[in-house]
Each structure stands twice: as C-alpha cells, then as structure tokens.
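Here the structure comes first, spelled out in structure tokens, and everything after it is commentary.
Note that the numbering runs from 1 along the sequence shown for the chain.
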Amino acid sequence: MADAGIGVVRIDAAWKHIEPAPGQFDFRALDSRIAGMQRLGLTPFVTFTSDAEWAVMPSTRHLNNGTPRDPDAWSRLVRTVVERYDGDGVDDMPGLRAPVRYWQAANEFMSDKNAAGGWGGSNDELLAYVNLAHDAVKAADSRAIFVLGGLSVFSIDAAAIVMGADMTLQQEHEPGEIRRVSRADLMTPRAQDLFENRLMRLFREARYDIADAHLYGPEARDAVRIETLKALSGHPVLSSECGGPSLNYGGSYSGHGHYVSVIERNLNALAGGMRFCLWFGLGEEVKSTWGNSRVQLYDRERRPKPGVAAYRLLSRLLADGAEVRRPGDGRAFEIAHRDGRRSHVALGRAAVAAVAAAQGGDTAAICIADAARRQAVLMPLSAAEHNCSADAVVVSGPVPLGLIGAK
C-alpha cells in the first residue's frame with residue numbers, strides 16, 4: 001500500500017479480539033497492525049466492531065455491530081482502545097509514533113441482515129450506541145475525529161432516489177441473483193420508516209464529525225451521492241469504502257477499466273469535497289458481494305492489478321496537497337497545485353476537448369490508451385482529442401514525465 005502511494009488505511013478494532021472476556025484486554029494484534037502501518041508512514045482509520053459473544057445480545061451475534069448487553073461495557077471498550085493510541089503518553093502503545101485520529105462505529109447500520117455491519121436493535125439503541133462511542137472517543141482524545149458508520153452504496157443510492165434522483169437501483173450478491181428495487185418500493189411505509197426514523201434521525205441526533213458513504217457501482221453517480229450525503233447530514237464527508245469496476249449493473253472487468261475506475265472514483269470523491277476515498281480491498285480473496293468481486297488492487301496470486309499503477313499516478317499528481325476540482329459536469333478534472341500551476345485529467349474524448357479548451361492545446365499530454373498493456377504516448381494536448389482512444393486517460397500540465405513509464 002505504501003509503495004502504491006496510498007496514505008490512509010482502514011482496519012477494524014474487533015471487540016472479540018481486544019476483550020475476549022470481560023476485563024481481559026489483548027492488544028497484540030491491533031498493536032502489530034498499527035505499528036506496521038506507522039513504520040511505513042500510513043495513517044490508520046479504525047472502525048470498531050461490537051462482536052464479542054459475551055458482550056452482545058444473542059439475537060445480534062451474526063452482525064459486526066452486535067447490540068451491547070451493557071452500554072457501559074461498550075463505552076469502556078471504545079475509551080480504552082482510543083486511550084492506547086492517542087499519543088498523550090498515558091497508557092499508550094509502546095513505540096507509538098503518532099496519534100491515531102480517525103475512529104468510526106456503526107458501519108452500514110441500515111439493515112439487520114448486513115453482516116458486514118448492520119444493526120439488529122431498535123433505533124433508540126442505535127442512536128445510543130453511536131453517541132456512546134462518540135463520547136468515549138472524545139473523552140479519551142478531544143482531538144480525535146469520529147466518523148459515523150458508512151452508508152452502503154445501496155443505502156446512499158436509495159436515499160438519493162428518495163430525494164429525487166433519477167436512477168435505477170439493483171444489487172447482485174451472487175452471479176445471476178439480482179435484487180432490483182423500484183422507486184415505489186422505497187415509498188412503502190416500512191422503507192419510509194427506515195429512511196426517516198433510522199437514517200434521518202441518526203443524521204440529525206447522533207454526535208459525529210464526518211459522515212460517510214461507500215462508493216461502488218457506476219462512477220457517474222458519485223457526484224449525486226456526495227451531494228445527497230452532504231445535504232442529509234449537514235456534515236463534512238468522506239468514503240471509507242470505494243471500488244470499481246462494479247459488476248452490479250451489467251458491467252464487466254478489464255485491466256484498463258480497473259485503472260480508469262481508480263482514477264475516476266478517487267477524483268470524484270476529492271472534487272466532491274470528500275477527505276478521501278478508501279479502496280476496497282487489497283486482494284481478490286477478500287469476502288465481498290459478486291458485484292464487487294473484482295475491485296480489489298491485487299489478484300488471487302497477489303499480483304498487482306492496473307489500479308495499483310493508477311494509485312501511483314494519483315500519488316504523484318496530488319503529492320503537494322493539490323486541490324481537485326471539476327470544471328464542468330463531465331469527466332474532466334483540474335488539479336490546482338499549491339504553487340499556482342494546474343494539471344488536468346480527462347477520461348474520454350469529450351473530457352479531453354473540455355481540458356483543451358481550459359488549458360490550451362499546446363500543452364504536453366500523456367495519453368494512456370491501455371493501462372493493462374502499459375500503452376501510453378506523449379503528445380500535444382491538441383492532438384489527444386483525435387488520436388487517443390475513446391476510453392483513454394489523458395494527463396496534461398506540469399506532471400513528471402516519468403509518469404509515462406508507470407506500470
């Protein structure tokens with residue numbers, strides 16, 4: 001991950017491993033992961049899971065967000081963990097190099113069937129669960145950043161449709177097993193109760209610093225999703241899970257498509273005001289739905305896929321803390337460097353034309369025609385619109401010429 005230029009990495013703090021029995025804490029696994037990441041300059045983003053069998057209601061043991069039997073035990077667990085990694089010199093992990101600032105609870109909380117997170121208790125209990133976690137994090141470290149559990153892409157798309165977006169909604173957990181949801185399905189009393197009394201209540205009454213939505217499926221939807229999350233939550237936003245290309249909407253996987261998806265999804269997130277977008281996941285052996293089974297950065301033989309090279313490109317383009325903007329509604333992005341210079345990334349011919357109009361056609365450009373085959377050509381931007389393939393990635397402006405040799 002560090003070699004690819006990735007900066008923030010999400011890991012779990014699992015109650016069942018950290019406190020396997022009441023009052024018996026074991027930090028060896030979490031210490032090892034955080035120490036290893038910090039040696040490489042990576043920033044941990046930690047999501048709590050309440051999954052200790054002794055600590056949660058039996059009916060919710062199938063979920064990562066089990067409902068705590070004792071709210072005080074949940075609060076103690078969160079506060080104890082954050083205290084160990086807050087860098088204040090009191091009860092810290094031996095060898096801690098920097099404070100861990102990002103903490104999250106209640107991942108994908110909308111459904112009682114979502115084993116990746118989920119929630120099986122009442123809405124009152126969910127609100128208390130989040131607020132107890134927030135208060136425990138802040139009590140241990142007032143400078144910590146508490147992130148509300150991420151909305152699944154299914155939930156954020158459903159919310160966008162309820163708010164008036166014109167899009168379809170479906171999910172393919174297994175090949176050929178497609179779940180389709182209509183606008184009418186989202187207007188039933190049960191669906192409206194979930195939207196108003198779970199989602200909106202949490203947005204309005206929970207205590208948190210940043211809202212979170214997971215970005216998968218068609219990249220063209222990201223702008224609407226991000227604006228929906230901002231409008232509903234009224235908070236800053238990020239994405240603790242993102243990935244592509246998705247197979248959920250009849251798409252297919254290609255190496256070049258994987259490269260394009262990493263570029264587009266990350267730039268969509270940054271241009272939309274998100275702090276970052278954390279890719280899911282590292283290897284294809286990780287458990288996922290069928291629709292997201294090819295998004296990972298390494299294949300089953302642990303070989304890097306083209307998305308790794310895309311991250312290397314992004315790490316160079318954004319190395320100086322540059323700001324990403326979208327000049328129009330299409331797939332053209334402007335990268336504003338701190339020294340006043342501007343670079344551009346265009347995805348497809350129409351976007352190249354927009355960039356050429358904004359930056360000037362005599363600028364040098366790298367046309368990446370096929371990232372999987374490492375086919376890229378240096379040419380004037382004015383020539384790229386007519387000589388690059390329809391799905392090429394075109395990078396122009398003050399970027400290192402060494403990018404043309406990216407794997």
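- Look at Glu285 and Arg302 and you find a salt bridge, because one of the NZ, NE, NH1 or NH2 atoms lies within 4.0 Å of a carboxylate O, short of that distance.
- Within the 3.5 Å criterion, the main-chain N or O of Leu229 finds a donor-acceptor partner in the side chain of Ser233.
- In this structure, a donor-acceptor pair under 3.5 Å is present between the side chains of Tyr249 and Arg221.
- Thr228 contributes a side-chain N or O that, together with a main-chain N or O of Val224, makes up a donor-acceptor pair within less than 3.5 Å.
- There is no side-chain donor-acceptor pair under 3.5 Å between Asn248 and Gln171.
- Counting non-hydrogen atoms of neighbouring residues, nucleotides and ligands closer than 6.0 angstrom, the CE atom of Met200 exceeds 12 such neighbours.
- His258 has its side chain within reach of Pro245: a pair of non-hydrogen atoms, C-beta onward, lies under 4.5 Å apart.
- Distance check, rounded to the nearest 0.5 Å: CG of Asp91 to OG1 of Thr80 gives 9.0 Å.
- If you run ring pair (Phe, Tyr, Trp, His ring centres under 6.0 Å) between Trp15 and each of Phe25, Phe48, Trp74, only Trp74 comes through.
- With rounding to the nearest 0.5 Å, the separation of CG in Asn123 from CD in Glu205 is 10.0 Å.
- Minimum interatomic distance between Lys230 and Gly272 (heavy atoms only, all atoms of both residues): NZ-O, 2.6 Å.
- Looking at Asp193 and Arg190, no side-chain N of the basic residue comes within less than 4.0 Å of a carboxylate O on the acidic one, giving no salt bridge.
- Leu151 places a side-chain heavy atom less than 4.5 Å from the side chain of Phe109.
- Looking only at side-chain heavy atoms (C-beta outward), Tyr216 and Ile156 stay at 4.5 Å or farther from each other.
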Practice problem: Walk me through it: do Asp209 and Lys138 pass the test salt bridge (charged side-chain N to carboxylate O under 4.0 Å, His left out)? | Solution: CA-CA 11 Å; Asp209 299 311; Lys138 297 293 186 175; 2.8 Å; yes
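- Under the salt bridge (Lys or Arg N to Asp or Glu O under 4.0 Å) criterion, no residue pair touches residues 51-70, with sequence neighbours excluded.
- The heavy-atom pair separating Ala223 from Arg326 by the smallest distance is CB-NH1, 4.4 Å.
- Summarising the local packing, CG of Asp339 is surrounded by more than 12 heavy atoms from other residues, nucleotides or ligands at distances under 6.0 Å.
- Under the 3.5 Å distance criterion, the side-chain polar atoms of Glu264 are left unmatched by any main-chain donor or acceptor of Leu347.
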Self-check item: Verdict with reasoning, Glu323 to Arg325, per salt bridge (charged side-chain N to carboxylate O under 4.0 Å, His left out)
Solution: CA-CA 7 Å; Glu323 181 181 350; Arg325 305 164 184 160; 3.7 Å; yes
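- Side-chain atoms of Arg183 come within 3.5 Å of backbone atoms of Ile161 as a donor-acceptor pair (strictly under, hydrogens ignored).
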Quiz prompt | Pair Val46-Val100, side chain to side chain contact (heavy atoms under 4.5 Å, CB included): steps then yes or no | solution = CA-CA 8 Å; Val46 186; Val100 175; 3.9 Å; yes
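- With a 4.5 Å cut-off on side-chain heavy atoms, Leu267 and Leu314 count as touching.
- By the 6.0 Å and 45° rule, Arg294 stacks over the aromatic ring of Tyr253.
- In this structure the side chain of Tyr129 never reaches within 4.5 angstrom of the side chain of Thr67, judged on heavy atoms.
- Between Ile210 and Ile145, some side-chain heavy-atom pair lies under the 4.5 Å cut-off.
- Note on ring orientation: taking the six-membered ring where Trp is involved, the planes of Tyr259 and His256 are parallel (angle under 30°, cut-offs 30° and 60°).
- For the atom pair Arg316 CZ and Leu318 CG, the distance stands at 12.0 Å (nearest 0.5 Å).
- Between the Gln104 side chain and the Leu148 main chain, a donor and an acceptor come within less than 3.5 Å of each other.
- Side-chain contact of Ser75 with Asp72: a donor-acceptor pair under 3.5 Å is absent, judged by distance alone.
- Annotation: side chain of Asp86 is not in contact with side chain of Pro99 (no heavy-atom distance under 4.5 Å).
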Practice problem: Would you check, one step at a time, whether the test salt bridge (charged side-chain N to carboxylate O under 4.0 Å, His left out) holds for Arg180 with Glu172? | Solution: CA-CA 9 Å; Arg180 293 185 175 89; Glu172 193 167 358; over 6 Å; no
Exercise. Verify salt bridge (charged side-chain N to carboxylate O under 4.0 Å, His left out) between Arg312 and Asp3, making sure each step is shown before the conclusion.
Key: CA-CA 8 Å; Arg312 292 189 180 118; Asp3 178 63; 2.7 Å; yes
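- When atom types are taken as modelled, the side chain of Lys16 and the backbone of Ser50 share no donor-acceptor pair closer than 3.5 angstrom.
- Residues Val90 and Asp92 have side chains not in contact (no heavy-atom distance under 4.5 Å, counting atoms from C-beta outward).
- Put simply, the side chain of Asn65 gets close to the backbone of Asn107: a donor and an acceptor are under 3.5 Å apart.
- For Asn268 (side chain) and Glu219 (main-chain N/O), a donor-acceptor pair under 3.5 Å exists by modelled atom type.
- Applying the salt bridge (Lys or Arg N to Asp or Glu O under 4.0 Å) definition to pairs two or more places apart or across chains, those involving residues 17-37 are Glu19-Arg76, Asp26-Arg28, Asp31-Arg84.
- For His134 and Tyr208, the ring centers sit 6.0 Å or farther from each other.
- A salt bridge does not link Arg349 with Glu385: every distance from a Lys NZ or Arg NE/NH1/NH2 to an Asp or Glu carboxylate oxygen is 4.0 Å or more.
- In this structure a side-chain-to-backbone donor-acceptor pair under 3.5 Å is present from Asn266 to Val262.
- Of all the heavy atoms in Leu247 and Ser293, the pair that sits closest is CD1-OG, 3.8 Å.
- Here the straight-line distance linking atom CZ of Phe195 with atom CE of Met187 works out to 8.5 Å at 0.5 Å rounding.
- Here the shortest heavy-atom pairing between Asn131 and Arg207 reads OD1-N, 2.6 Å.
- Aromatic rings of Phe45 and Trp103 (six-membered ring for Trp) have centroids beyond the 6.0 Å cut-off, not under it.
- Closest approach of Arg97 and Arg39 over heavy atoms only: NH2-CG, 3.5 Å.
- When atom types are taken as modelled, the side chain of Asp212 and the backbone of Ser240 share a donor-acceptor pair closer than 3.5 angstrom.
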Extract all donor-acceptor atom pairs below 3.5 Å that involve side chains of residues 274-283 and protein atoms in other chains or at least two apart in sequence.
from   : atom 1 : to     : atom 2 : distance (Å)
Arg275 : NH1    : Tyr102 : OH     : 3.1
Trp279 : NE1    : Val295 : O      : 2.6

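- Note that NE2 of His337 and CG of Leu317 are 6.5 Å apart. Values are rounded to the nearest 0.5 Å.
- Shown here is Met57, whose CE atom has no more than 12 heavy atoms of other residues, nucleotides or ligands within 6.0 Å.
- In this structure, CZ on Arg300 lies 6.5 Å from CD on Glu284, to the nearest 0.5 angstrom.
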Quiz prompt | Residues Val377, Ile368; criterion side chain to side chain contact (heavy atoms under 4.5 Å, CB included); working and verdict | solution = CA-CA 7 Å; Val377 180; Ile368 304 166; over 6 Å; no
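- Closest non-hydrogen pair, Cys388 versus Val394, comes out as SG-CG2, 3.9 Å.
- Ser389 and Asp391 are linked by a side-chain donor-acceptor pair at a separation below 3.5 angstrom, with hydrogens and angles left out of the test.
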